[in-house]
Participant: 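If you scroll down you'll find the structure; I have some questions about it.
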Amino acid sequence: MLISSCGNFASDRTLVVGTGPVELLKLRAGPGLGFRVILGLPEGTSLNRRDCVTEVGQLWCRVSLADAPKISGYVSADYLSPR
């Protein structure tokens, strides 16, 4: 597992992008497909992005909901708005 920075700050605001109108981005308990799904996030959901890790060639970022920061987990960085 490789730890990588997602930004210059401890927390960056980002949005869920690229899921389309009917799909949800899965917020997972850990960085990878093998972790349980906590909940689904629709396109446009505002998140606080923390640190990121590379797991099996995929970049995963630890995030929390901007409107409910106690809800946190990992999402694929492919579905976060670029900074």
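Since this is a predicted model, take the numbers as computed values, not measurements.
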Participant: Checking side chain to side chain contact (heavy atoms under 4.5 Å, CB included) for the pair L47/L41: CA distance, chi angles, key distance, verdict?
Facilitator: CA-CA 10 Å; L47 302 171; L41 306 170; 4.1 Å; yes
Participant: List, by chain and number, the other hydrophobic cluster members for V37, where Ile, Leu, Val, Met, Phe, Trp and Tyr join if side-chain heavy atoms come within less than 4.5 Å, directly or indirectly.
Facilitator: none
Participant: For residues 70-78, which side-chain donor-acceptor pairs fall under 3.5 Å, sequence neighbours excluded?
Facilitator:
from	atom 1	to	atom 2	distance (Å)
S76	OG	Q58	NE2	2.7
S76	OG	D78	N	3.2
D78	OD2	Q58	NE2	3.3

Participant: Looking at residues at least two apart in the chain, or sitting in another chain, which of them share a side-chain hydrogen bond (donor to acceptor under 3.5 Å, both in side chains) with T19?
Facilitator: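 E43.
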Participant: What salt bridge (Lys or Arg N to Asp or Glu O under 4.0 Å) pairs are there with at least one residue in residues 57-69, not counting sequence neighbours?
Facilitator: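 Listed by first then second residue: D51-R62.
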Participant: Report yes or no: do L59 and Y79 belong to one cluster of Ile/Leu/Val/Met/Phe/Trp/Tyr joined by side chain heavy-atom distances under 4.5 Å?
Facilitator: no
Participant: Return yes if some donor-acceptor pair links the side-chain N/O of T14 with the main-chain N/O of L80 below 3.5 Å, else return no.
Facilitator: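 Side chain of T14 to backbone of L80, a donor-acceptor pair under 3.5 Å: no, none is there.
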Participant: Within this structure, what is the CG-OG distance for the pair N48 and S64, rounded to the nearest 0.5 Å?
Facilitator: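 So the CG of N48 and the OG of S64 are separated by 4.0 Å.
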Participant: Are any non-hydrogen side-chain atoms of R13 and S46 less than 4.5 angstrom apart?
Facilitator: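 Result yes, sub-4.5 Å side-chain heavy-atom pair found.
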Participant: What heavy-atom pair brings S81 and R49 nearest, and what distance separates the two atoms?
Facilitator: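 In this case the closest contact between S81 and R49 is O-NH1, 4.0 Å.
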Participant: Please tabulate, for the side chains in residues 21-35, all donor-acceptor contacts under 3.5 angstrom to protein atoms that are two or more places apart in sequence or on a different chain.
Facilitator:
from	atom 1	to	atom 2	distance (Å)
R28	NH1	L33	O	3.1
R28	NH1	F35	O	2.8

